[in-house]
Amino acid sequence: MKTKLKPVVYILAAAFAVAAAGIAAYAPATQAADEKKAEAPKAALTVTTTKPSNASLPIKLTANGNVAAWQEASVSSESNGLRLTEVRVNVGDVVKAGDVLAVFSSETVNADLAQAQAAVHEAEANAADAAANAARARTLQNSGALSAQQISQYNTAEQTANARIASAKAALASQQLRLKYTRVVAPDSGVISARSATVGAVSNAGTELFRMIRQGRLEWRAEVVAADLRNLKPGVGATVKAANGSEVTGKVRMIAPTVDPQTRSALVYVDLPLNAGSKDAPFKAGMFASGQFELGASSAMTVPQQAIVVRDGFSFVFRLNADKHVSQIKVQPGRRLGDRIEVLGGLTPETQIVVRGAGFLNDGDLVNIVADTLAAK
């Protein structure tokens, strides 16, 4: 039995030896592979990249200012001591030149007018009598029946009577003007902006009854610093934004000839559209508004807005290097056009920058790059 077991023991020993040798040979290889995997750096994020592109961006000058009436007209009473009987308009009404705004009592004026007309008739009658007497006296001038002094008196009486006619007619015209002034009319077309007229009040001459915006025209009075005035001139377009977000376009009408010595800024007057002062318009006289002057366009290097990362108050982009690591570069953003932003220096047209995923990167990160399928669509 012992001789039979020996071959079996040798075979098992040999098998164990081979297995041990195989395990010993495999263990160092596996350990080396694991160490290699541990040493290989991992990508921080999968990103998309692009290059800066040139675009034509508008040059705009931003300013603030107030909206005001182009011109205001003060409608005052020209009658003295008359009672106001009717007010036909209110604040916000649109009127035309010559429209009746208010009416004063005319009884007293009509009585004075009738008296003035009677005075004219009386003066004309007296003048006719004086003219007849003077004519008779002149026919007797050579007969000696009347002295030269008497004839002169008749001629003087005729001239005095004619002068009294002129005086009476002037008084009549004055009363007719008083009657005309009992009806207060609009001096121009426009919108009533203020009303102080009250029915039953007795007003003196010169008392303001209404205030109106002439022709309904409004203007934006923008405050522009002196250094920027050289870029503006009459006719330049401007976009004005109201408090509710509505925008209208206008044109520069004039630039103030003086600069405020305290603020070092000047007023630039921008005409707004005629319908800007209507009842439903977003602009009202006296409101604050912001706007931009359109000064043309220029070429600029732009990048997608998503590529700009703001940290600690500064703007950065991430440049992709040849080893697929990224470098953080500080840039200065400029004008904006849709979803693209102008970059003022720091980049070249061939610089590859990260777009999607830029906000999650840090300087020196390793990234994977994929095609921007959304942009391709």
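Nothing here was measured: the structure is a model prediction, and the numbers come from that model. We're numbering straight along the sequence, starting at 1.
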| remark: Here the pair of heavy atoms bringing Ala73 nearest to Arg214 is CB-CG, 3.9 Å
| request: Evaluate the criterion side-chain hydrogen bond (donor to acceptor under 3.5 Å, both in side chains) for residue pair Ser74 and Glu208; output intermediate values, then yes/no. | output: CA-CA 7 Å; Ser74 176; Glu208 183 179 281; 2.7 Å; yes
Other ILVMFWY residues reachable from [X] by side-chain steps of under 4.5 Å:
| X | result |
| --- | --- |
| Val100 | Val103, Val185 |
| Val202 | none |
| Leu101 | Val75, Leu82, Leu84, Val87, Val89, Val95, Phe104, Val109, Leu113, Val120, Leu172, Leu179, Val184, Ile192, Val199, Leu209, Phe210, Met212 |
| Leu57 | Leu337 |

| remark: The side-chain contact (heavy atoms from CB on, under 4.5 Å) partners of Gln332 (sequence neighbours excluded) come to Leu344
| Can you name the side-chain contact (heavy atoms from CB on, under 4.5 Å) partners of Lys51, sequence neighbours left out? | Glu350, Gln352
Hey, could you give me the [atom1]/[atom2] distance between [X] and [Y], rounded to the nearest 0.5 Å?
| X | Y | atom1 | atom2 | value |
| --- | --- | --- | --- | --- |
| Thr160 | Asn155 | OG1 | CG | 10.5 Å |
| Ser189 | Lys96 | OG | NZ | 7.5 Å |
| Leu267 | Glu219 | CG | CD | 9.5 Å |
| Thr239 | Lys60 | OG1 | NZ | 5.5 Å |
| Ser290 | Asn64 | OG | CG | 5.5 Å |
| Asp99 | Arg183 | CG | CZ | 11.0 Å |

Would you tabulate the side-chain donor-acceptor contacts of residues 304-315 under 3.5 Å, counting partners in other chains and residues two or more places apart, or write 'none'?
{"residue": "Gln305", "atom": "OE1", "partner": "Arg336", "partner atom": "NH1", "Å": "3.2"}
{"residue": "Arg311", "atom": "NH1", "partner": "Gln328", "partner atom": "OE1", "Å": "3.3"}
{"residue": "Arg311", "atom": "NH1", "partner": "Leu361", "partner atom": "O", "Å": "3.1"}
{"residue": "Arg311", "atom": "NH2", "partner": "Gly359", "partner atom": "O", "Å": "3.3"}
{"residue": "Arg311", "atom": "NH2", "partner": "Leu361", "partner atom": "O", "Å": "2.7"}

| Side-chain heavy atoms of Leu218 within contact of Ile213, under 4.5 Å | yes
For [X] and [Y], indicate whether the former's side chain and the latter's backbone hold a donor-acceptor pair under 3.5 Å.
| X | Y | result |
| --- | --- | --- |
| Ser77 | Gly206 | no |
| Thr351 | Leu347 | no |
| Thr302 | Ser53 | yes |
| Asn321 | His325 | yes |
| Arg335 | Pro58 | yes |
| Thr48 | Arg356 | yes |

| Does Trp220 belong to the same Ile/Leu/Val/Met/Phe/Trp/Tyr cluster as Val224, with side-chain heavy atoms less than 4.5 Å apart forming each link? | yes
| query | Residues two or more places apart in sequence or in another chain: which of them pass side-chain hydrogen bond (donor to acceptor under 3.5 Å, both in side chains) with Gln149? | reply | none
| For Ser105, all residues meeting side-chain hydrogen bond (donor to acceptor under 3.5 Å, both in side chains), sequence neighbours excluded | Glu107
Could you tabulate the donor-acceptor pairs under 3.5 Å formed by side-chain atoms of residues 124-135, not counting sequence neighbours?
{"residue": "Asn126", "atom": "ND2", "partner": "Glu122", "partner atom": "O", "Å": "3.3"}
{"residue": "Asn133", "atom": "OD1", "partner": "Arg136", "partner atom": "NH2", "Å": "2.3"}
{"residue": "Asn133", "atom": "ND2", "partner": "Asp129", "partner atom": "O", "Å": "3.4"}

| request: Apply salt bridge (charged side-chain N to carboxylate O under 4.0 Å, His left out) to Glu223 and list each qualifying residue two or more places apart in sequence or on a separate chain. | output: none
| Between Lys251 and Asp271, does at least one N-O distance fall below 4.0 Å, as a salt bridge requires? | no
| message | Check this for me, if you would: do Glu86 and Arg88 make a salt bridge, where the nitrogen-to-carboxylate-oxygen distance has to be below 4.0 angstrom? | response | yes
| request: Show the numbers, then the answer: is there a side-chain hydrogen bond (donor to acceptor under 3.5 Å, both in side chains) between Arg164 and Asn162? | output: CA-CA 5 Å; Arg164 287 175 179 171; Asn162 290 332; over 6 Å; no
| task | Kindly determine whether Arg138 and Glu158 satisfy salt bridge (charged side-chain N to carboxylate O under 4.0 Å, His left out), including the steps that lead there. | result | CA-CA 12 Å; Arg138 284 190 291 269; Glu158 180 184 18; 3.4 Å; yes
| task | Any chance you could lay out the side chain to side chain contact (heavy atoms under 4.5 Å, CB included) test for Asp228 and Phe293, step after step, and finish with the verdict? | result | CA-CA 11 Å; Asp228 294 328; Phe293 295 97; over 6 Å; no
| said: Suppose the criterion is side chain to side chain donor-acceptor pair (under 3.5 Å): which pairs have a residue in residues 197-207, not counting sequence neighbours? | reply: none
